[in-house]
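The next block holds one structure in the form of structure tokens; read it before the comments.
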Amino acid sequence: MSDPERQGPDEEESDAQRRRRRAQFLRELAEARALRDRVQPRRAKAARLRHAMRMRTFRW
């Protein structure tokens, strides 16, 4: 386990590093969702409709 961003197990990673890793993860997640939507349009449409129904019935 040689992670280049961390020098030791007890060393605290900086807030900027954490935000950078999180932003990278969110970009990859959005890209994966877009790919899945292109590959399986019917399933993506059904998921969008389910999400819309959940949002309509959600109480604030």
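Side-chain atoms are counted along with the backbone in the values below, which use heavy atoms only and exclude waters and symmetry mates.
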With a cut-off of 3.5 Å and sequence neighbours excluded, list every side-chain donor-acceptor pair involving residues 45-56.
residue	atom	partner	partner atom	Å
His51	ND1	Arg54	NH2	3.2

- Task: Find the distance between CD (Glu31) and CD (Glu28) and round it off to the nearest 0.5 Å.
- Result: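 Nearest 0.5 Å value for the CD-CD distance: 7.0 Å.
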- Item | Partner residues of Arg27 under the side chain to side chain donor-acceptor pair (under 3.5 Å) criterion, sequence neighbours left out |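 With sequence neighbours excluded, Arg27 shows a side chain to side chain donor-acceptor pair (under 3.5 Å) to Gln24, given in chain and number order.
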- Message: Tell me every residue that passes side chain to side chain donor-acceptor pair (under 3.5 Å) with Arg19, counting only those two or more places apart in sequence or in another chain.
- Response: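 With sequence neighbours excluded, Arg19 shows a side chain to side chain donor-acceptor pair (under 3.5 Å) to Asp15, given in chain and number order.
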- Distance-only, no hydrogens or angles: does the Gln40 side chain make a donor-acceptor pair with backbone N or O of Asp37 under 3.5 Å?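 Not a single qualifying donor-acceptor pair exists.
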